[in-house]
Student: 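Below is a structure I'd like to ask you about.
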Amino acid sequence: MKLGRLLGIDIKMHLTFVLILLWGAFNYGGNAGPLYGLLITVSLFGLVLLHELGHSLAAMAYGITVRDITLLPIGGVARLERMPKNPLQELVVALAGPGVNVLLALLLLPVIFGLALSQEISLSPRALMQPGVLGLLTFLLSANLSLAVFNMIPAFPLDGGRVFRAILGFFVSYERATQIAVITGRVLAVGFGALGLFTGHWMVAAIALLVFMAGGQESKAVAASSLLRRLRVEEALSPHWVTLSPHTTIGQVASIMMNNNQPDFAVLDPLSRRLLGIASSGHVAHAMQEGRWFSRITEIMEHAQHVPTIALNASLDEAQEKLAETSSRVAAVYDGLHFQGLLSIEDIYRAFRFVSQPAV
Ligand SMILES: [Zn+2]
């Protein structure tokens, strides 16, 4: 569910979130009633949103697009189109979230002291937490500190895991840094998990399990991208592809598709061999259902200017990032100015599966 747009980023909320708001309203309200509880819960997620905006602004400063921020019952997620692999950039992006919470805590501290002193309230947590303006501010202070401390635990997918990898990345390779950070995070997860089980804190045990599994995903993703970095686009490019002229009709393409399972067709200028556009077999099938057998392929193709381009000697890792950045399935491959073929996400997976097969 979309809530709105901030700094060019869509802010979304998961529907289960409404349940959390209700739960918070009755759980945090105390004697002050559910409305106060709701205020507390909403401001808590306000802090989570500011935390995610911290990550997002840091990423945007490095030219990384932020797709959206989603508030989930367990916290927030800012979806970046890619994670910086440069250790310094990853460090800044990872620290920016907890940094916002530390900054807010530092701003709240003198305000709370000032208010408590002027109202002659003793500085005990019990007195400060009484419902009211002071109670709300004190809650926000403790929530900011908890968010900062929890997120800085050095385990993926928490910010602390990324901070730890980034610091290691100054001394060892990105892959090695990830391995060390994943192992450390998993040891911590096992420790917290055991602690949660023995003390009956099931929530802690459940989070520890999630952290343990996230570590595996992170190391797999990094291993995959280091494997892809060693492969070139030209190694994954199929040389036997059928290309189309702009005069080809949908019916003609359909007959080609019957004995060829090519997923995408490049439409080329017959004289200059310049790429005019790309038609996917899905688009062709759709046009056939509409009975457009005699329409030209140029009517349904994606025009070349909307197709991302990639160099023939680029690595498959770069190609995959380019496709992810542009949310595309296919890129046009060029050697200088000359069109060489199409590279799809499936080609990248195929090459990856081929090289990642264990040798027996
Ligand atoms: Zn964070």
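Remember, it's 1-based here, ligands and their atoms both numbered in the order they're listed.
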Student: Provide the protein N, O or S atoms situated under 2.8 Å from the Zn ion (ligand 1); waters are not included.
Tutor: His51 NE2, His55 NE2, Asp159 OD1, Asp159 OD2
Student: Just by distance, no angles: are the side chains of His51 and Asp159 close enough, under 3.5 Å, to form a donor-acceptor pair?
Tutor: yes
Student: I want to check something: taking the side chain as every heavy atom from C-beta on, are Val190 and Phe212 in contact at a cut-off of under 4.5 Å?
Tutor: yes
Student: Give me each pair satisfying salt bridge (Lys or Arg N to Asp or Glu O under 4.0 Å) with a member in residues 170-182, each pair once, sequence neighbours excluded.
Tutor: Glu175-Arg229
Student: Taking only residues at least two apart or on different chains, which pairs with a member in residues 326-340 satisfy salt bridge (Lys or Arg N to Asp or Glu O under 4.0 Å)?
Tutor: Asp264-Arg329, Arg329-Glu346
Student: Would you say His201 and Thr199 are linked by a side-chain donor-acceptor pair, where the criterion is simply a distance under 3.5 Å?
Tutor: yes
Student: Under a single-linkage rule joining Ile, Leu, Val, Met, Phe, Trp and Tyr whose side-chain heavy atoms are separated by less than 4.5 Å, which residues share a cluster with Val149?
Tutor: none
